[in-house]
Amino acid sequence: MIPECIAALGATQVVAMDHAATGVVASVSLAPETILDAVAVLDKEGYLLEDVMASDLKEGFEVTYHFSLFEGKSRLVLRLIVSHDAPKVPSISGIYPGADWHERECFDFFGIDFTGHPNLHHLLLAEDFEGHPLVKAENSRKALVDVMPQPWLVAVGLAAPEAPKVEKIPAAAAGAKE
Amino acid sequence: MHDAFDSAIRGDLSSARFEPGPTEDKLILSMGPQHPSTHGVLRIMLELEGEYILRAEPILGYIHRMHEWMAEQKTYLQFIPNMGRVDYLHAMAWNWAYAGAVERLAGIEVPERAEYIRVAVTELNRISSHLVWWGAYLLDLGAFTPILYAFDDREQILDILQSATGSRLTYSYITIGGVYDDVPDDFRERCIEFVNRLRSRLPMYRDLVTDNVILRGRCEGIGVLPVDMARRYGATGPVLRGSGVASDVRRCEPYGVYDRFEFRVPTYPEGDAMARYKVRLDELEASCDIVEQVVSSLPEGPVTAKVSRVFKPPKGEACMAVEGARGKILVHVRSDGGLKPYRVKLRAPGFSNMSLFSELAQGVLLADAVSILGSLDLVIPEIDR
Amino acid sequence: MKRIKKAFTGLKSLAVGLGVTGRAFYAKNVTVIYPKEEVDNLASYRGHVELVGKEDAPDVPKCVACGSCAKACPSNAFTILCPVPPKEGEAASDPPVMGPAPQRGAKTPSKFILDFSLCSLCGQCVKTCPTKGLRFSNDPYLVSFTREDLKLDLLARLHSQAANSQPVPVPDTESVDK
Amino acid sequence: MNALLLLLTHPAARLVLWLVLVFAFIGFNAIILVWVERKVAGYVQLRPGPLHVGPQGLLQPLVDGIKLMGKQLVTPAQGDKVLFWAAPLLAFAPAIVCFLPLPFDARFKPLPMNLGLVLILAFSGLGVLSLCLAGWGSNNKWSLLGAARSVAQAVAYEVPLLLCVLAVAICTGSLDLYAIAGHQGAWPWQWYAVKNPLAFFIFLVCAVAETNRAPFDLPEGESELTGGFHTEYSGMGFGLFFMAEYANMVIVAAVAAALFLGGWQGPFLPGIWWFLLKIYSILFFIIWLRWTFPRVRFDQLLNISWKWLTPLALFDFALAVIVVSIRSMK
């Protein structure tokens, strides 16, 4: 069950997910530049920011934002991918001040640069800590194809459909990312 | 020697942000990392004028243990003991969140008896967590005795939990596929006995503390948190419900068998420290109700699903939200189909609740800041992870 | 007038509070005065693990030195040693070289050490043991000044338990104190 | 021998003897009170309190005292050494002087004077100075906040305290504690606590505030100020503050007993026992308060004083003046 406001997010892909299997109702892929507009829409809809999570993949750093409403099974995941070389993401802490610390945490662990963040320095790690502990070695990075559930891969066209269970929502900008 | 002393006075990166600017009558104060009411090792930089706080900035990381990195080094089952140590006061909920996320990932069906036992122990654990918060909050406000009364009651819970799990604080009881072991035969009687005992004690709590005029003076109208601000900061749990939003994971996305039980989600619209206080005290009763219903309808059956010794979930990702004593716990697990998780992310409710503090503490008295800090119910290991 | 009334209810609440603590004066103490008294719920306590002896020969462990507990342990608390079988063409050395379990041909452990300072009592070893050869002891009185003392020789423990002639207590992890 | 006895009746000799007795009493009393405090705390909290050193843990405070003496005395770097160490002495010294005019028994007058009450009020004001110096001399921001609180608190509570003491003094027409106590009878209905309960209540509240006891222990407020003015003190520096606190408690309890509970007078028992009994009942009450209530906030504390206690005390004082003048007209 996908909320209507999702159409306004400017997503590259929207995939409805099975809440019982993944805990989210929809996965929304975005281009990094459009995150601020998308988050502003969610803010207007009354979404609560749960967390900002990053993970290190072959394609780059994937940054995911989890939002949910006060009521019902409503968790949305916004995902965007930035390159390893210049990991820059616009900071959403201006809209959701609670993102401030989550973004600092991502900076700590992955070295992702949240542009426009008011105070981007170490939060959990010591201030003289060097490096970013959750960044993986080149050879142990996995591609998106290896860590995403099958229905999602099918929906975005990264895998051949085996069991056509999940409906694909035609997105504004077509075409799979990769 | 003198250089070392000078640099100690100059402070660090965090205090440096406070140094420029203060004038004659401002005081830059580092509250913590060792301070009686920062509960563990939280540090807050304060800029004071007299006793009024102009600016407050929490500084975290003093007991950061990098649980998320540890998760990537261990197998799925081996990570379970870590979860109890994230939030030692409500270890069961964290265990459940992690086990639940992995179960979603692997599509494991948990036996019904295990689900019931999970609810019972998690609710008992929630009561014990709220009791510790109650005592510690009053300790922050200068009352010494309530914490010992609370601990007296908490010991009874720990005895029950020990009889089922074998330990008293970090249980590792809820595992992937069910629970570690079955509960003892007299579990039901002991739970009922405890619930009755706690219910008879609650009027005493009210007389001694809740109605106390000094406590009301310290809590009412302090740290008022509007709903919109709570939402933007991602506040959850009793902090959000103290602002009048009846949002509870057990209700809105029921996990386990929570949808089979009747319970109240207490809310108070005031949004102040007293409202958060009252929400937690009401939750004691709500949890008692749940425990009572669970143990009186505990089904028979196995308590663990078959999980292979070499456990490899299929690739994919899943997250699981659980209502912890402090709010919404969210555990994401990402699998590449191997023995170890590819990425585990722990969303600690205290982390978001704590980030409110800077804004709430602006312009209040130092003593009120202590009261606000206590009313957020922080467990620092959970925030630092 | 309203404020005066409020002041009086306030004073009354203080008196009520004094009454509560006053009643506690003649209530019974709840403290257990250790070491004069001891707590009575140790039967359900799960302390460090210990080896289980065979029913017919209590000083021979059920353990078959497969090493799965050592593998399951999240914190590498086990050191299980067995004689390494000599390589082809080499004579067996005396004393035999010891290596971590499992070793070909070794059916019982020669050394079974638990480093309790690493153990977090999660019970993965007990769960994983194929022969049910491990169980929790319920001994909380384990105090030491050095880490070395916490390296428990579980084989020696089993032998002394068997030698103390008492029939090895029935595995009792599920029983309750009262 | 006779000459020696004669010497003892000399005022100076009696003063010296009294001072020695006071020292002994303060020390002994601190030990007893610490024990009582911990026992009360224990019983209130459903535990036995000190138990192992001596019978019922009676010697525990003594052992703690020895431990305190054995501790290293640390002066904070960049603190003011002189002020820092003068403060605990200054806290302790006035407490001794204040013992001089206390009416332990009618036959027992170390220093004949008719302004005993004034002496106590004057010297007890000095205690604030010591807290202030301790806070300033420590060069610690928490201590400074504690010192600032203690000054404001002492100033606020001195006013209603003086007013309700005066209300009693006017009724008796004397400032001598012996005379005031003697003016009342041996039975409760002859005491000012019954004749003027409002003044007694205000005095008790002010007494708790003046001795910085919970729920008015803001200058130390350990959950806010980590110990306030005595954050930096170790060993006997802290010990002296501690002793002074208990000595001050005894003094306010003794003044309350003399002003409101008829002093040493009571049936059957000798006077000194009655006096001690009354002192310890009040002390017990103060200790009981501490283990029951949360701490009030700073502005609430001042509001209680300025908005409630001071007007009430003024009203009480006026009432006392009217009653006395009507009585004298007859």
Side-chain angles (χ1 to χ4, degrees), chain C residues 1-48 116-117 120-121 136-147 149-150 175-178, chain D residues 36-57 60 160 197-198 200-202 204-206 208-209 213-216 280-297 300-301 303-313 315:
Chain C
M1 207 57 216
K2 212 172 135 198
R3 297 187 64 187
I4 291 174
K5 207 177 148 201
K6 217 174 150 194
F8 265 102
T9 50
L11 281 179
K12 200 181 134 220
S13 77
L14 296 183
V16 169
L18 279 177
V20 171
T21 46
R23 271 198 299 279
F25 266 102
Y26 51 85
K28 209 172 143 278
N29 283 342
V30 296
T31 329
V32 175
I33 299 159
Y34 185 81
K36 284 182 189 160
E37 304 162 38
E38 283 181 13
V39 289
D40 54 3
N41 57 359
L42 288 180
S44 61
Y45 173 75
R46 289 180 187 164
H48 68 83
F116 189 57
S117 65
S120 52
L121 293 175
F136 293 104
S137 66
N138 41 29
D139 171 22
Y141 303 111
L142 204 60
V143 180
S144 145
F145 286 109
T146 63
R147 266 184 111 132
D149 291 352
L150 289 176
S175 79
V176 195
D177 44 333
K178 282 168 205 155
Chain D
V36 169
E37 173 119 66
R38 293 176 60 175
K39 273 290 183 195
V40 169
Y43 281 114
V44 162
Q45 296 168 351
L46 306 174
R47 56 189 179 86
L51 202 62
H52 294 297
V53 189
Q56 282 295 305
Q60 186 69 48
L198 183 61
F200 183 53
F201 173 73
I202 295 173
L204 273 186
V205 176
C206 295
V208 176
R213 294 278 304 180
F216 301 131
Y280 275 92
S281 317
I282 294 172
L283 288 177
F284 176 78
F285 181 70
I286 293 178
I287 290 172
W288 185 11
L289 286 184
R290 171 171 176 189
W291 297 106
T292 305
F293 297 134
R295 186 182 299 113
V296 299
R297 203 173 61 210
Q300 292 166 345
L301 174 95
N303 279 345
I304 294 171
S305 169
W306 293 118
K307 291 191 181 161
W308 289 100
L309 296 183
T310 308
L312 278 177
F315 168 74

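Only a predicted model underlies this, so the values are computations on that prediction, with no experimental measurement involved. Every chain is numbered from 1, with letters handed out A, B, ... down the list of sequences.
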Between C:Phe25 and D:Phe284, ring centroids under 6.0 Å = yes

key: Structural part of C:Lys28 lying under 4.5 Å from a heavy atom of chain D   = backbone

key: Contacting moiety of C:Leu11, where chain D heavy atoms sit under 4.5 Å   = side chain

Main-chain N/O of C:Gly47 paired with C:Ser137 side-chain donor or acceptor, under 3.5 Å = no

task = Apply side chain to side chain contact (heavy atoms under 4.5 Å, CB included) to D:Tyr280 and list each qualifying residue two or more places apart in sequence or on a separate chain.
result = D:Asn29, D:Ile32, D:Leu33, D:Leu276, D:Leu283

request  = Below 4.5 Å from any heavy atom of chain C, which atoms of D:Trp291 appear? Answer side chain, backbone, both or neither.
outcome  = backbone

key: Flag side-chain contact, heavy atom, 4.5 Å: D:Ser305 against D:Thr310   = yes

inquiry  = Taking every non-hydrogen pair under 4.5 Å, which of C:Leu14, C:Thr21, C:Leu18 racks up the most with chain D?
reply    = C:Leu18

